[in-house]
Amino acid sequence: MASETVLVDEISYPSKITTTKPLSLLGHGITDMEIHFLQVKFYSIGVYLEPEVVSHLQQWKGKPAKELEGSDDFFDALISAPVEKVIRLVVIKEIKGAQYGLQVETAVRDRLAADDKYEDEEEEALEKVVEFFRSKYFKKDSVITYHFPANSPTAEIAVTLEGKEDTKYVIENVNVVETIKKWYLAGSRAISPSTISSLAANLSEELSK
């Protein structure tokens with residue numbers, strides 16, 4: 001039976017995917033920016049989580065979505081919950097891999113520096129991530145997937161480009177891995193308010209069951 005899909009800015013996301021376990025699409029949104037009064041959309045985001053993530057968020061049971069959306073503590077608990085997480089980006093506005101890599105590098109480096117965790121090891125790990133993206137070209141509908149296993153400090157990036165074999169890279173630096181999670185999931189500090197709002201709404205609903 002075909003899995004249901006959810007449209008995120010006209011891009012179809014399956015409502016469930018299976019990695020080592022079945023994961024549910026519990027948040028989605030886009031990144032965008034206003035440039036000369038025009039809304040420019042960069043990519044859509046789908047956040048897949050193990051459904052049992054709610055068992056790690058019980059202290060927020062019964063709270064309305066708006067309250068969760070404004071609670072960075074809630075999103076910190078979500079990030080640290082020992083469940084599998086997948087963040088899938090689908091490109092809307094084409095971009096060179098070097099440009100996307102630079103965005104990752106800047107976002108992660110600035111956050112790590114603010115937390116006083118940016119050392120030589122982090123710099124080296126980030127350079128390898130940038131290098132992985134550099135040779136790629138992301139046309140519309142290219143897919144970038146970040147996979148965070150439940151009980152591992154690593155993350156795997158997979159890139160799907162039209163007509164090419166998927167390429168993968170594993171990040172092993174725990175601080176870089178955590179910071180990428182925060183870039184996409186850390187409440188008011190995350191890159192996509194629409195994704196955070198969607199996560200809050202869906203998790204509030206799951207927590208009220």
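Note that the coordinates shown come from a computational prediction; the quantities given were computed from them, not determined experimentally. Positions are given from 1 along the sequence.
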Between Ser188 and Phe75, is any pair of side-chain heavy atoms under 4.5 Å apart? no

Given Glu50, Lys85, Glu84, the one that forms side chain to side chain donor-acceptor pair (under 3.5 Å) with Thr19: Glu84

Only counting residues at least two apart or in another chain, list the ones meeting side chain to side chain donor-acceptor pair (under 3.5 Å) with Ser55. none

Closest heavy-atom pair, Ile95 versus Tyr100, reported as atoms and distance to 0.1 Å, is CD1-N, 3.8 Å

Pro51 and Pro22: which non-hydrogen atoms are nearest, and at how many Å? CD-O, 3.6 Å

Taking side chain as C-beta onward, heavy atoms only, is Thr195 less than 4.5 Å from Tyr184? no

In terms of side-chain geometry, is the basic nitrogen of Glu94 or Lys140 positioned less than 4.0 Å from the acidic oxygen of its partner? no

To the nearest 0.5 angstrom, please state how far the OH atom of Tyr48 sits from the NZ atom of Lys16. 10.5 Å

Among all residues two or more places apart in sequence or in another chain, which pass the side chain to side chain donor-acceptor pair (under 3.5 Å) test with Glu52? none

Flag the pair Asp141 / Val90 as yes when at least one side-chain heavy-atom distance between them is below 4.5 Å, and no otherwise. yes

Nearest non-hydrogen partners of Ser192 and Ile30, listed with the distance: OG-O, 2.7 Å

Who pairs with Asp120 by side chain to side chain donor-acceptor pair (under 3.5 Å), at least two apart in sequence or on another chain? none

Check Lys136, Glu165, Lys164 against Val159 for a side chain to side chain contact (heavy atoms under 4.5 Å, CB included) and give me the one that passes. Lys136

Residues that Glu156 engages under side-chain contact (heavy atoms from CB on, under 4.5 Å), provided they are two or more places apart: His147, Lys168, Val170

Would you check if the side chain of Ser142 reaches a backbone N or O of Lys139 as a donor-acceptor pair within less than 3.5 Å? yes

Can you sort out the partners of Arg134 under side-chain contact (heavy atoms from CB on, under 4.5 Å), two or more places apart, ordered by chain and number? Ala98, Val130, Glu131

Please list all pairs passing the salt bridge (Lys or Arg N to Asp or Glu O under 4.0 Å) test where one or both residues lie in residues 172-186, with sequence neighbours left out. Glu178-Lys181

Of Lys41, Lys93, Gln39, the residue whose pairing with Asp32 passes side chain to side chain donor-acceptor pair (under 3.5 Å): Gln39

